[in-house]
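Have a look at the structure below, then the notes.
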Amino acid sequence: MITFKQEEDQRRGKFVILEDDIPAGEMTYVWAGANKFIIDHTEIYEAFNGKGYGKQLVMKGIAYAREKGVKILPLCPYAKKVMERDDSLGDVIFR
């Protein structure tokens, strides 16, 4: 079973993906003002590669941005690739 955990302080945050309560990867972000955050890193731990968890983490971040009504600046190369390949995500990309 896949679940997500979010941790956030005033400025930084991360989403952790868990497989059967075992951490499988994380995506970190930093707030850049009130209207956007920067995805700076996405990582899937070696034992969990190839399961699509990286994309799920990016999509979780996108859902969070939409919920908050903010934009994302994807500095992480993986997050940028995921977001730019899907035209339906253009509304959350900070340009």
Side-chain angles (χ1 to χ4, degrees):
M1 182 163 108
I2 301 304
T3 55
F4 294 90
K5 179 174 69 171
Q6 182 182 13
E7 301 170 9
E8 186 175 284
D9 62 21
Q10 304 283 344
R11 179 145 160 69
R12 298 192 60 80
K14 72 178 175 178
F15 286 95
V16 178
I17 189 167
L18 302 116
E19 181 181 285
D20 298 325
D21 294 325
I22 299 168
E26 65 182 47
M27 181 191 74
T28 60
Y29 59 93
V30 61
W31 284 96
N35 67 338
K36 71 177 173 287
F37 64 84
I38 298 165
I39 296 177
D40 58 357
H41 182 70
T42 305
E43 177 181 3
I44 301 305
Y45 307 142
E46 190 173 338
F48 300 95
N49 282 335
K51 296 185 175 189
Y53 292 166
K55 184 172 183 179
Q56 289 182 51
L57 282 166
V58 173
M59 297 306 289
K60 192 71 169 173
I62 290 165
Y64 179 64
R66 285 181 171 152
E67 174 188 313
K68 294 283 191 183
V70 300
K71 303 281 186 180
I72 297 172
L73 179 59
L75 292 185
C76 164
Y78 181 79
K80 184 175 182 172
K81 180 172 68 172
V82 168
M83 293 179 74
E84 289 181 347
R85 284 185 175 174
D86 188 338
D87 291 339
S88 72
L89 305 179
D91 64 309
V92 294
I93 299 175
F94 182 82
R95 301 190 193 273

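Each residue takes its place number in the sequence, starting with 1.
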Where [X] and [Y] come nearest, the two heavy atoms and their spacing:
X     : Y     : answer
Ala79 : Pro74 : C-CB, 4.0 Å
Met27 : Gly61 : CE-CA, 3.7 Å
Val16 : Pro23 : CG1-CB, 4.2 Å

task = Calculate, to the nearest 0.5 Å, the distance between atoms OG1 and CG belonging to Thr3 and Leu18 respectively.
result =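 Spacing of OG1 (Thr3) from CG (Leu18) equals 4.5 Å.
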
key: Option passing side chain to side chain contact (heavy atoms under 4.5 Å, CB included) with Phe15 (candidates Lys60, Glu26, Glu7)   =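 Option passing the side chain to side chain contact (heavy atoms under 4.5 Å, CB included) with Phe15: Lys60.
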
Is there a side-chain contact between [X] and [Y], using heavy atoms and a 4.5 Å cut-off?
X     : Y     : answer
Ile62 : Leu89 : yes
His41 : Ile39 : no
Ile17 : Ile2  : yes

request  = Evaluate salt bridge (Lys or Arg N to Asp or Glu O under 4.0 Å) for Asp40 paired with Arg12, printing each intermediate quantity in order.
outcome  = CA-CA 10 Å; Asp40 58 357; Arg12 298 192 60 80; 3.0 Å; yes

request  = Any pair with a residue in residues 73-92 that passes salt bridge (charged side-chain N to carboxylate O under 4.0 Å, His left out), sequence neighbours left out, goes on the list, sorted by first then second residue, please.
outcome  = Arg66-Asp91

Per-pair distances, 0.1 Å, donor-acceptor, side chain in residues 29-38, under 3.5 Å, sequence neighbours excluded:
unit_1, atom_1, unit_2, atom_2, d
Tyr29, OH, Gln6, NE2, 2.7
Tyr29, OH, Glu8, OE1, 2.4
Trp31, NE1, Glu8, OE1, 3.3

Side-chain donor-acceptor pairs of residues 48-59 under 3.5 Å, sequence neighbours excluded:
unit_1, atom_1, unit_2, atom_2, d
Lys51, NZ, Glu19, OE1, 2.9
Lys51, NZ, Glu19, OE2, 3.3
Tyr53, OH, Glu19, OE1, 2.3

request  = Treating Ile, Leu, Val, Met, Phe, Trp and Tyr as nodes and any side-chain heavy-atom pair under 4.5 angstrom as an edge, say whether Phe4 and Val92 lie in one connected cluster.
outcome  = yes

